[in-house]
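Only one structure is covered here, and it is reproduced in the block below.
Throughout, protein chains are lettered first and strands after them, A, B, ... in sequence-line order, and every chain is numbered starting at 1.
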There are 2 protein chains.
Amino acid sequence: MTKLSLTEENYLKAIYFIGGTSNQLVNTNAIAERLNTKAATVTDMLRKLKQKDLIEYQPYKGTRLKLEGKVKAIGILRKHRLWETFLVEKLAFGWEEVHEMAEQLEHIQSTELTERLSAFLGFPEFDPHGDPIPNKEGVFPRRDNVTLDRAKPDTAVMVQGVKDSSTEFLNYIAKLGIQLGDHIAVKSVEEFDRSLVVEHKNQQYRISALAAANLYIKEL
Amino acid sequence: MTKLSLTEENYLKAIYFIGGTSNQLVNTNAIAERLNTKAATVTDMLRKLKQKDLIEYQPYKGTRLKLEGKVKAIGILRKHRLWETFLVEKLAFGWEEVHEMAEQLEHIQSTELTERLSAFLGFPEFDPHGDPIPNKEGVFPRRDNVTLDRAKPDTAVMVQGVKDSSTEFLNYIAKLGIQLGDHIAVKSVEEFDRSLVVEHKNQQYRISALAAANLYIKEL
DNA sequence: AATCATTTTTAGATTTGCCTAAATTTAGAT
DNA sequence: ATCTAAATTTAGGCAAATCTAAAAATGATT
């Protein structure tokens, strides 16, 4: 567990995001662009990270994260999303405002702090943008038991189940005509109260964040 | 408002603490010792900070903060103590564990974040160590309406008043024989429940954190 | 007032992260 | 198969923050 510099952490993060979940080979130029730096600078850093055994790197061929590098990157992502959740849920920031601050907070070292923060927030699995928060082993929550309030605008989903199975809630969705297997298209999400405008059975209507949070969905 | 590097911030903080409230001239060596660095390194930085007009500095004579430097230092101190309060009160860390983390958190930039954190914590005036938290204008809370629970071990205080003036509380302190103007010596503070062992009128006894929090005192 | 121990500064290097400009490699097009 | 444009690396340098060793200033003491 070597301690990384802030810059090294940012390079790992960049490679992680560009490479995507499948850990594709990443170009030097792509990294330079993402970090607003120059290709020559990136080359220097890649040699350094290879030397630390955090990445695979062949000159002219590109780079990808090795296991240890990926673990580090996911750890930073975890912290980023937990802090964003804190900023929005506890300090009442808008979810567009928090990225910059989370970019700084994600580099705070203590693992103990990260875990206590997670506990304080109620072990959230998704951040305010709806992005999944990996657990401390680096495992992402399954997209399965995602609820409708996590859906992004312009996505199509299928109703898979209900979280709240009280008769009140079941009556309410019955009134809307929602049934298991129904397809719903999310048209827009209101920033103010997180309510959603959806299209369902050729009708458009608005559904509250609370109701949406109790409908399990699968993205299509 | 020039943005300072992390290192520059740490130098200002060091000068602030060594110089004390009276803003005494500070020796190069003292700074070097506090920051675990070498005198030569300090000299370099002092020239730089002088150039930025944050400090007064005469070679061989010593240094002191100018107004702008002092404002910066107090701003960092404010963030440090707010974060410590957060770590102890919200994340349930022990008050000995938090310094290291607060050292990192105090350098997070956003003023808006600092102010919202303060609001979230209920605008605290003292941190978990009992140290005063300057407000956003850099003004420290007056030591006057300090309560006994803020007192440190091995300090002598005088009872100035009560915060809770219910008959229950007044009866309780009457039973202990505490009166206005009494001198109390704080012997020790129990980490677990913040209760205090005090010496009062030649008797030693324990007083709970709650009771202590309702006695206004003046340090002697 | 001269001396000497201590403090401080200067001089010269080192490391990290970054740059520009030139050289090299790669891969697509002829 | 060769050529050329794009991508990438190499070479050489710069600024920040640090170091060691040597030089200079201070001030306390004789």
(request) Quick one: which residue pairs count as a salt bridge (charged side-chain N to carboxylate O under 4.0 Å, His left out) with a foot in residues 120-129 of chain A, not counting sequence neighbours? (result) A:R81-A:D127
(message) Between P on D:dA16 and CD on B:E9, what's the gap in Å once rounded to a whole number?
(response) 16 Å
Protein-nucleotides 10-14 of chain D N/O pairs under 3.5 Å:
| residue | atom | partner | partner atom | Å |
| --- | --- | --- | --- | --- |
| D:dT10 | OP2 | A:R47 | NH2 | 2.9 |

(message) Taking any heavy-atom pair under 4.0 Å as a contact, classify A:T41: base, sugar-phosphate, or nothing.
(response) base
(message) If we ignore hydrogens and angles and just use 3.5 Å, is the side chain of A:R78 paired with the main-chain N or O of A:P134 as donor and acceptor?
(response) yes
(message) Measuring to OP1 and OP2 of D:dA7, would you say a side-chain N or O of A:N27 lies under 4.0 angstrom away?
(response) no
(message) Once side chain to side chain contact (heavy atoms under 4.5 Å, CB included) is applied, do any residues pair with B:L67, and if so which ones, sequence neighbours excluded?
(response) B:V71
(message) Measure CD/B:E8 against P/D:dA16 and give the value in whole Å, please.
(response) 9 Å
(request) Please name all residues satisfying side chain to side chain contact (heavy atoms under 4.5 Å, CB included) with B:Y60, sequence neighbours left out, ordered by chain then number. (result) none
(message) My understanding is that a pair needs two contacts under 3.5 Å, Watson-Crick or G-U wobble. By that rule, which nucleotide pairs with C:dT30?
(response) D:dA1
(message) Taking only side-chain N and O atoms of B:T28, does any of them lie within less than 4.0 angstrom of OP1 or OP2 on C:dT9?
(response) yes
(request) Please determine if a side-chain N or O atom of B:S5 lies less than 4.0 Å away from the OP1 or OP2 oxygen of D:dA16. (result) no
(request) Take atom CG of A:L46 and atom C1' of C:dT16, then tell me their distance rounded to the nearest Å. (result) 15 Å
(request) Give the rounded distance in Å between these two atoms: CG of B:N29 and C1' of C:dT8. (result) 7 Å
(message) Can you tell me if B:K136 has over 12 outside heavy atoms packed within less than 6.0 Å of its NZ?
(response) no
(request) Please determine, for the side chain of B:K61, which listed nucleotide (C:dT8, D:dT26, D:dT18) has the closest atom? (result) D:dT26
(request) Would you kindly give the CG-to-P distance between B:L6 and D:dA15, to the nearest whole Å? (result) 22 Å
(message) Tell me the interatomic distance from A:K50, atom NZ, to D:dT9, atom P, rounded to whole angstroms.
(response) 11 Å
(request) Using whole Å, report how far CE of A:M45 lies from C1' of C:dC18. (result) 10 Å
(request) Could you pull out all residues at least two apart from B:K201 that satisfy salt bridge (Lys or Arg N to Asp or Glu O under 4.0 Å)? (result) B:D182
What side-chain donor-acceptor pairs closer than 3.5 Å can you find for residues 11-21 of chain B, not counting sequence neighbours?
| residue | atom | partner | partner atom | Å |
| --- | --- | --- | --- | --- |
| B:K13 | NZ | B:E103 | OE1 | 3.0 |
| B:K13 | NZ | B:E103 | OE2 | 3.2 |
| B:K13 | NZ | B:E106 | OE2 | 2.7 |

(message) Please report the distance, rounded to the nearest Å, between CD in A:Q58 and P in D:dT9.
(response) 11 Å
(request) Check whether any side-chain N or O of A:K38 sits under 4.0 Å from OP1 or OP2 of C:dT20, and answer yes or no. (result) yes
